[in-house]
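Heads up, the thing below is written out as structure tokens.
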Amino acid sequence: MKIGSHVSVSAPDYLLGAVQEALSYEANALMIYTGPPQNTRRKAVSEMKIAQAHAMMEEHGIAATSMIVHAPYIINLANVVREETFTLAVEFLAKEIERVKEIGATVLVLHPGSHVGAGEQEGLDRIISGLDLAMEQIGSIQIALETMAGKGSELGYRFEQLRYLMDHAKYGDHLRVCLDTCHIHDAGYDLTQFDEILAQFDSVIGLERLACLHINDSKNIRGAHKDRHANIGFGEIGFHDLCKIVHHPKLQETVKILETPYVDGHAPYRHEIAMLKKGVFEPELLEHIRREEA
Ligand code: FE
Ligand code: FE
Ligand code: ZN
């Protein structure tokens, strides 16, 4: 099983620190942002200790394909209303693709975008224009469009919308999907029927295009369109169904990433990964984090 979590890239060790953080959770996969997810200020990649990070990954048997990069949320390719937001998004995404290459990763997760009132069809077509411009130097990188909760005017909350983007983008062959359990639950998919969801995914998108999974519980009921992540087993999806997904025979090779919230300032990932691997819900592990804090 390839499972890990979001880890941070920060001074002084940057990518090497990110790998060390992942190892401290007993993870064999990781997801990073190349800088703060909410802004576009970025450190020069040359200072990010990339070679050391890869050496450490190799030493611990973590493949480069198990290191996922997530683009910052502020990239909104669907913005039809403000031209400068769109231009900024295109430029930033193109640079982000370059950074992914330099970092030595292969998959870049991207939120498709929010149409901010222009309407879904216009938003989707705008995303396609943006991808066409930003992906000119895509090389061998894959962009994994994330399934979204449909909060506000977010696009990508139906598999069909992602399919539309893949079919119409110039570099559609480089588009993949990142399936987020919290998001699809919030979008209305019934995770108690996960085999049906996978069958639907396969017929609409194709299972071979599933690049990675985000494993999160949800604070809200199915169809709430909220996007608030809960710790594994503490939300509306529940441990049982999340565990089934993580151990699904068709997803054995797929990288799984946790993006669950910190508990009293502590990362829950070591415990959550252990529970999921074992297949046993041990809520007291998170209580234990709280006690460590006290
Ligand atoms: Fe995301
Ligand atoms: Fe996610
Ligand atoms: Zn989310």
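Nothing here was measured: the structure is a model prediction, and the numbers come from that model. Heads up: numbering here begins at 1 and tracks the sequence. Each ligand, and each atom within it, is numbered from 1 in the order the structure gives. These values consider heavy atoms only, across backbone and side chains, with no hydrogens, waters or symmetry-generated copies.
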If you have a sec, read the angle at the Zn ion (ligand 3) from D227 atom OD1 over to H229 atom NE2, to 10 degrees.
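It is 90°, given to the nearest 10°.
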
Could you check if a side-chain atom of Y262 sits within less than 4.5 angstrom of a side-chain atom of Y269, using non-hydrogen atoms only?
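A side-chain contact exists here, since the closest heavy-atom pair is under 4.5 Å.
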
Donor-acceptor pair, distance only, cut-off 3.5 Å: does the side chain of [X] make one with the backbone of [Y]?
X: R222; Y: G188; answer: yes
X: S66; Y: A29; answer: no
X: T260; Y: N216; answer: no

Taking the N/O/S atoms of [X] one by one, which is nearest to the Fe ion (ligand 2)?
X: D180; answer: OD2
X: E146; answer: OE2
X: H214; answer: ND1
X: E259; answer: OE1

Between the Fe ion (ligand 1) and H111, which N, O or S atom of the residue is the nearest one?
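In H111, the N, O or S atom with the shortest distance to the Fe ion (ligand 1) is NE2.
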
Which label fits F159 and F201: parallel for a plane angle under 30°, tilted from 30 to 60°, or perpendicular past 60°?
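If you compare the ring of F159 with that of F201, the planes turn out perpendicular.
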
Look at the N, O or S atoms of H214, main chain and side chain alike, and state whether any lies under 2.8 Å from the Zn ion (ligand 3).
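It does not: H214 brings no N, O or S atom closer than 2.8 Å to the Zn ion (ligand 3).
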
Looking only at heavy atoms, what is the nearest atom pair of R126 and E83, with distance?
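Looking at all heavy atoms of both residues, the closest pair is NH2-OE1, 3.1 Å.
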
Report yes or no: does C178 have an N/O/S atom closer than 2.8 Å to the Fe ion (ligand 1)?
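False for C178.
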
